[in-house]
Each structure stands twice: as C-alpha cells, then as structure tokens.
Amino acid sequence: MTIQPKREIVAAGFACLIVGLTGVPVSAVTAEVARKCGALMTKQFPPREPGNPAAGSAKGSGRDQQAYFDKCVANGGKIDSNDVK
C-alpha cells in the first residue's frame, strides 16, 4: 500500500519551490539615503503652506514627488541638476 499525497499539497510545494528559485534579490534602502532623498524632495517640491504637509506642494503633484524620490533612491541619493524640473 503506497501513500499518495494530495494534489493540493504537491501543487503548493511546487509553487513554493518555483517562487523560491525565481525570487529577485532586492537591496534595501538605507536610512541615510532615504533621509537625503526626503530632504532633496522637500527642497524641490516645497509645501504650499510651511508646516502643513496636508496643504500639498507648491510645485508638482504627488506622482511627481514619488517619481523624484524613487529616482533619487535608485541613484543612491544623488540627483543630477538636469533631472530637476
């Protein structure tokens, strides 16, 4: 008499194996780079009302700010002056 594992268990095992083998390594953002990029973003997109972040930005939208921050983080905290809008 042989023991037959359930299909769901076998499928879950294969799925875990595939995900584990195809995982893409991701580097973590350091706190120093995040602080630097946050300061650069605040300088590039000043708040409409100082001290009130809910008032929004005087320049650009939230998407523009997020794209700027992401690009800064991708470049390790360095932004080229040509990249500034």
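- Summarising the geometry, atom CD belonging to Gln44 is positioned 10.5 Å from atom CE belonging to Met41; distances are rounded to the nearest 0.5 Å.
- No side-chain donor-acceptor contact under 3.5 Å links Asn75 to the backbone of Cys72.
- Of all non-hydrogen atoms in Cys37 and Gly77, the two that sit nearest each other are SG-CA, 3.7 Å.
- Counting all heavy atoms, side chain and backbone alike, Lys59 lies closest to Phe45 at O-CD2, 2.9 Å.
- Counting heavy atoms from C-beta outward, Leu40 and Phe69 have side chains that stay 4.5 Å or more apart.
- In terms of heavy atoms, Ser57 sits closest to Arg48 at O-NH2, 3.0 Å.
- Annotation for Tyr68 and Ile79: closest pair OH-CG2, 3.7 Å, computed over non-hydrogen atoms.
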